[in-house]
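Data block below; observations after.
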Amino acid sequence: MADITHIQQNYLHMIRYRRILSAVGLILFVVVLAGGFYIADERSAGGFLSGLPRIFDYPGELLAEAWQKLARLPGLMLGYVPALIETLNIAAVATLAGGLAAALFSLLATRGLSPWPRLVPVFRRILDVTRAIPDVVIALVLIFILGGGPIPAMLAIAFHTTGALGKLFSEVAENADLRPVEGLASTGAGWVQRMAFGVVPQVAPNWLSYALLRFEINVRASAILGFVGAGGIGYELRNAISWGPGRYDAAASVFVLLFMTIVVVDQLSGAARDRLIRGAQA
């Protein structure tokens, strides 16, 4: 009985200790967050609190002017379709290139599947690096080297996609059944053959699902990279915004076109992912 009481007291003591640590961690987090916000607010051109009442001024002016020129919006949207196609091409090629590289690195970074087990940590760190560097930073460096255009955007997004998908692909590959791989190895099959016929058929539905999800993200990323000179619909949006009052209808048409595209891409890729998942479970 005394032992049970002692165990209960130790358990309660551990719970209190963890609660204290959690409270201290939360306090430190709030202090760091508040301090970071204060420093950023002090260094910005305008104060956050002083500018908060005017947060809806620009959207209000844009919508008001766009409503006055509503009849022009369809024609303007049609004129931006080539830039939108360029954005979709950037996202598609970057997803394909990054997905293929991620598939290779994920197999090399998975224990039990890699042909070089001792190098598994090295391949995992490579995926960590490619995932940690923001695509905007990579795009800025590539634009400085290669100049503006879709190529730097595609390379930057593909680089980041390799790390993001490589992590997800590796987690899926870790749960693959190794019996087909062992059976192929017993017949003298090489590493590429074992992966192609023993692992890829098992993980393909999940890999494709993750790749479609990443394509959605890359469409938005390619639009954002246009603001730094990487071409596509984002570049046109930056120009439309910079024109200021009198051309807000152009900015509104880009916003509407981009919003419609993202919604359509999300719906189509979501339906495709659901079909892949249902097919894999069946």
Are [Y] and [X] linked, directly or through intermediate hydrophobic residues, by side-chain heavy-atom contacts shorter than 4.5 Å (ILVMFWY only)?
X    : Y    : value
L104 : V199 : yes
M260 : Y80  : yes
V122 : L108 : yes
L100 : M195 : no
V192 : F169 : yes

Enter the distance from [X]:[atom1] to [Y]:[atom2] here, rounded to the nearest 0.5 Å.
X    : Y    : atom1 : atom2 : answer
F159 : D135 : CZ    : CG    : 11.0 Å
Y248 : S253 : OH    : OG    : 14.0 Å
E182 : D177 : CD    : CG    : 8.0 Å
Y210 : T161 : OH    : OG1   : 15.5 Å
L268 : L212 : CG    : CG    : 10.0 Å
S106 : E171 : OG    : CD    : 11.0 Å

What's the shortest heavy-atom distance between [X] and [Y], and which atoms?
X    : Y    : result
A173 : V203 : CA-CG1, 4.1 Å
A158 : A97  : CB-CB, 4.3 Å
L257 : I233 : CD2-CD1, 4.3 Å
A196 : V200 : O-CB, 3.8 Å
G99  : L165 : CA-CD1, 3.9 Å

Side chains of residues 139-147: which donor-acceptor pairs under 3.5 Å do they make with residues two or more places apart or in other chains?
none

Is it the case that the side chain of [X] and the backbone of [Y] share a donor-acceptor pair, with hydrogens and angles ignored and the cut-off at 3.5 Å?
X    : Y    : answer
E86  : P82  : no
R131 : A164 : no
E236 : A83  : no

Heavy-atom check, side chain of [X] versus side chain of [Y], under 4.5 Å:
X    : Y    : answer
S222 : I157 : yes
W67  : D249 : no
L178 : L113 : yes
F105 : I126 : yes
P180 : R194 : no
L237 : I241 : yes
T130 : H160 : no
D128 : R125 : yes

Discussion item. Can you list everything that forms a side-chain contact (heavy atoms from CB on, under 4.5 Å) with Y235? Sequence neighbours excluded, please.
Written reply: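 With neighbours one apart ignored, the set is R238, N239.
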Discussion item. Salt bridge check, E65 against R72: does any charged N sit closer than 4.0 Å to a carboxylate O?
Written reply: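 No, R72 and E65 are not salt-bridged.
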Fill in: Contacts of R111 that satisfy salt bridge (charged side-chain N to carboxylate O under 4.0 Å, His left out) - sequence neighbours left out
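Salt bridge (charged side-chain N to carboxylate O under 4.0 Å, His left out) check on R111 returns nothing, list empty.
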Worksheet item: What residues, two or more places apart in sequence or in another chain, satisfy salt bridge (charged side-chain N to carboxylate O under 4.0 Å, His left out) together with D266?
Response: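 R220.
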Discussion item. Could you go through S114 and L119, starting from their C-alpha distance and side-chain angles, then the distance that decides it, and tell me whether this counts as side chain to side chain contact (heavy atoms under 4.5 Å, CB included)?
Written reply: CA-CA 8 Å; S114 177; L119 295 181; 5.7 Å; no
Discussion item. As a quick check of understanding, evaluate side chain to side chain contact (heavy atoms under 4.5 Å, CB included) for I217 and R214, giving each step before the final call.
Written reply: CA-CA 5 Å; I217 299 172; R214 190 67 201 181; 4.1 Å; yes
Fill in: Pair W191-L107, side chain to side chain contact (heavy atoms under 4.5 Å, CB included): steps then yes or no
CA-CA 10 Å; W191 182 80; L107 295 175; 4.0 Å; yes
Practice prompt. Report the C-alpha distance between V265 and F215 in whole Å, list the side-chain angles of each, state the deciding distance to 0.1 Å, and finish with yes or no for side chain to side chain contact (heavy atoms under 4.5 Å, CB included).
Written response: CA-CA 9 Å; V265 170; F215 175 68; 3.8 Å; yes
Worksheet entry | Between S170 and T110: side-chain donor-acceptor atoms closer than 3.5 Å |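 The criterion, which ignores hydrogens and geometry beyond distance, is satisfied for T110 and S170.
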Item to complete: Return each pair, listed once, that meets salt bridge (Lys or Arg N to Asp or Glu O under 4.0 Å) where at least one residue sits in residues 141-155; pairs must be two or more places apart or across chains.
Response: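 Qualifying pairs, neighbours excluded: none.
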Discussion item. Applying side-chain hydrogen bond (donor to acceptor under 3.5 Å, both in side chains), can you list everything that pairs with T95, at least two apart in sequence or on another chain?
Written reply: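 With neighbours one apart ignored, the set is N218.
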